[in-house]
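I have placed the structure first, in the form of C-alpha cells, so that the comments after it can refer back to it.
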2 protein chains.
Amino acid sequence: MVRVGLTTERVVRAGAELADEVGFDQVTVSELARRFDVKVASLYSHVKGSQDLRTRIALFALEELADRAADAIAGRAGKDALIAFADAYRDYGREHPGRSAAARLRLDPETAAASAGVRHARMTRAILRGYDLTEPDQTHAVRLLGSVFHGYSSLETAGGFSHSAPDSQESWMRILDALDALLRTWPTTPAP
Amino acid sequence: MVRVGLTTERVVRAGAELADEVGFDQVTVSELARRFDVKVASLYSHVKGSQDLRTRIALFALEELADRAADAIAGRAGKDALIAFADAYRDYGREHPGRSAAARLRLDPETAAASAGVRHARMTRAILRGYDLTEPDQTHAVRLLGSVFHGYSSLETAGGFSHSAPDSQESWMRILDALDALLRTWPTTPAP
DNA sequence: CTAAGTTGCCTAAATGCTTTAGGCAAATGC
DNA sequence: GCATTTGCCTAAAGCATTTAGGCAACTTAG
C-alpha cells in the first residue's frame with residue numbers, strides 16, 4: 001500500500017483546480033479521489049464531506065484573491081489603485097472561473113466573519129479613502145463596487161459579453177473610468 | 001392508478017417553487033416527484049433530466065422577470081424608469097431567491113439567444129434612451145447596469161448586507177441615485 | 001532497534017439521486 | 001366501442017455520498 005500523502009491542504013487545492021476545470025458545482029469528492037488515485041473513503045479523513053469541501057475551496061479562493069488584490073493595490077492610490085484592485089478581481093475570474101465562483105459561495109455568518117471576506121471589505125474601504133466620501137456614503141460605495149466586481153465577473157464568465165461588440169476589455173475600462181468619475185462626484189443628496 | 005395531470009409546464013413551475021424554498025442547486029428530480037406524489041421515472045416524460053429541468057427553470061425565471069420588468073417600466077421614463085426597473089430586479093431576487101439564482105444560470109449560447117435574456121437587454125437599452133449616451137457608451141452602460149443589478153441581488157441574497165448598518169434599502173436607493181447621476185454625466189473621455 | 005501508538009488508506013455496505021427500458025391503464029378520437 | 005395516444009408505473013443499473021471498522025506504514029520512546 002503506497003501512501004499518496006494526502007492532507008486537507010492538498011485536497012482543497014486539488015479541489016480548487018478541479019473547480020476551474022469542470023466548474024465549481026461539478027466538484028465532487030469522487031472525482032477528486034479518482035485524481036489522487038485513491039479510494040473515495042480516504043478523502044473523508046481530510047474533509048468532512050462534499051459540503052465541507054466546497055466551503056473550504058471557497059475560503060481558499062477568498063484568501064488567494066485577497067492576497068492578489070493586496071499585491072495589486074500596494075503602493076498605489078486614487079484611480080490607479082481602483083483600477084489595479086478591480087483588475088485583480090476580473091483577472092482572477094478569467095484565470096480561475098471555478099475558484100471565482102467558489103468565492104461567491106454563500107457562507108453562513110460565522111464562517112463568513114472568520115473568512116478573508118473581511119479583508120476584501122477593508123481593502124475596498126482603503127481604495128475609497130482616495131476619494132472624498134463621508135460615512136455612510138463610503139459604505140454605499142463599498143457595496144456598489146462589490147456588486148460591480150462580483151456581477152461583471154460573473155456575467156463575463158457566463159459568456160454574457162463574448163460574441164458582441166465592443167469587446168469586454170473595452171467595456172471594463174470605460175466602466176472603471178465611469179466609476180472613478182462617479183466616486184469623485186458622488187451625489188451627496190438625491191438628484192432632482 | 002390516478003393521474004396527477006403532469007405537464008412540462010407544471011413540473012417546471014413546481015421546480016421554480018422548490019428552488020425558492022431549498023435553493024436552486026438543491027433542486028432535484030426526486031424531490032419534485034415526492035411533491036407530486038409520483039414516481040421519479042414519471043417526470044422523465046416531461047423533462048429530459050436534471051440538467052434539462054434546471055435549464056427550463058432558468059428560462060421560466062428569465063421570462064417571469066422580464067414580464068415584471070416590462071410592467072415596471074411601462075409609462076415611465078428617465079430616473080423614474082431606471083428606479084422602477086432596478087427595483088423589479090431586486091424585488092424579484094428577494095421574493096424569489098431560487099428563481100433569481102436560476103436566472104443567473106449559465107446557458108449555452110443558442111439557448112441564451114432564444115431566451116428572454118434578449119428582452120432584458122432590450123429593456124435596459126430602452127431605459128438608457130432617457131439618458132444621452134452614444135453608442136458604444138450605451139453598450140458599456142448596459143453592461144454596467146447588468147453587473148450592478150446582478151451583483152447586488154446576488155450579494156444581498158447571500159446575506160452580504162444584513163447585520164450591518166446602514167440597511168440594504170438605504171444603500172440601494174443611494175446607489176440608484178449615484179447611477180442616475182453617473183448616466184447623466186457619463187464621462188466621454190477618460191478622466192485625467 | 002524494537003515496541004507502541006498514530007496516521008493513512010483500505011474494504012464493505014447503506015442510502016439516495018439519476019437515468020433508461022419496457023408495460024399497463026386511463027383518456028381521447030374516430 | 002375500439003384503437004391510439006398519453007400518463008404513470010415497475011424494474012434495474014450506474015454513480016455520488018457517507019459511515020464503520022481494519023490493516024499497514026510511518027513516527028516516536030524507551
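Just so you know, these numbers come straight off a predicted model, no measurement behind them. Naming convention: chains lettered A, B, ... in sequence-line order (proteins, then strands); numbering from 1 in each chain.
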Without hydrogens or angle criteria, can the side chains of [X] and [Y] be said to hold a donor-acceptor pair below 3.5 Å?
| X | Y | value |
| --- | --- | --- |
| A:Ser168 | A:Arg94 | no |
| B:Thr139 | B:Arg125 | yes |
| A:Arg54 | A:Ser50 | yes |

Report the distance from atom [atom1] of [X] to atom [atom2] of [N], rounded to the nearest whole Å.
| X | N | atom1 | atom2 | value |
| --- | --- | --- | --- | --- |
| B:Leu32 | C:dG16 | CG | P | 18 Å |
| A:Lys39 | D:dA16 | NZ | P | 13 Å |
| B:Tyr44 | D:dT10 | OH | C1' | 16 Å |
| B:Leu43 | C:dT19 | CG | P | 12 Å |
| B:Arg35 | D:dC8 | CZ | C1' | 20 Å |
| A:Leu6 | C:dC9 | CG | C1' | 8 Å |
| A:Gln26 | D:dC15 | CD | P | 16 Å |

Within the pair [X] and [N], is there a side-chain N or O less than 4.0 Å away from OP1 or OP2?
| X | N | value |
| --- | --- | --- |
| A:Ser42 | C:dG8 | no |
| A:Thr28 | D:dC15 | no |
| B:Ser45 | D:dT6 | no |

So, do [X] and [Y] sit near enough that their side-chain heavy atoms are less than 4.5 Å apart?
| X | Y | result |
| --- | --- | --- |
| B:His140 | A:Pro166 | yes |
| A:Ile83 | A:Arg76 | no |
| A:Trp186 | A:Asp132 | no |

In Å and rounded to the nearest 0.5 Å, what is the OG1 to CG distance from B:Thr111 to B:Leu105? 9.5 Å
Just verifying a value: how many Å separate B:Phe149 CZ and B:Asp87 CG, rounded to the nearest 0.5 Å? 9.0 Å
Of the listed nucleotides (D:dT19, D:dG7, C:dT20), which one gets closest to any side-chain atom of B:His46? D:dG7
Of all the choices, C:dC17, C:dC9, C:dT19, which nucleotide is nearest to the side chain of B:Val40 once you look at every atom? C:dT19
Does B:Val4 reach a base, just sugar-phosphate, or nothing at all? Heavy atoms under 4.0 Å. sugar-phosphate
Would you say the ring centers of A:Tyr152 and A:Phe161 fall short of 6.0 Å from each other? yes
Kindly calculate the angle separating the two end axes of the helix from C:dC1-D:dG30 to C:dC30-D:dG1, each obtained from five base pairs, and round it to 10 degrees. 10°
Tell me which residues in residues 47-61 of chain B put a heavy atom below 4.0 Å from DNA chain C, sorted by number, or none. B:Gly49, B:Ser50
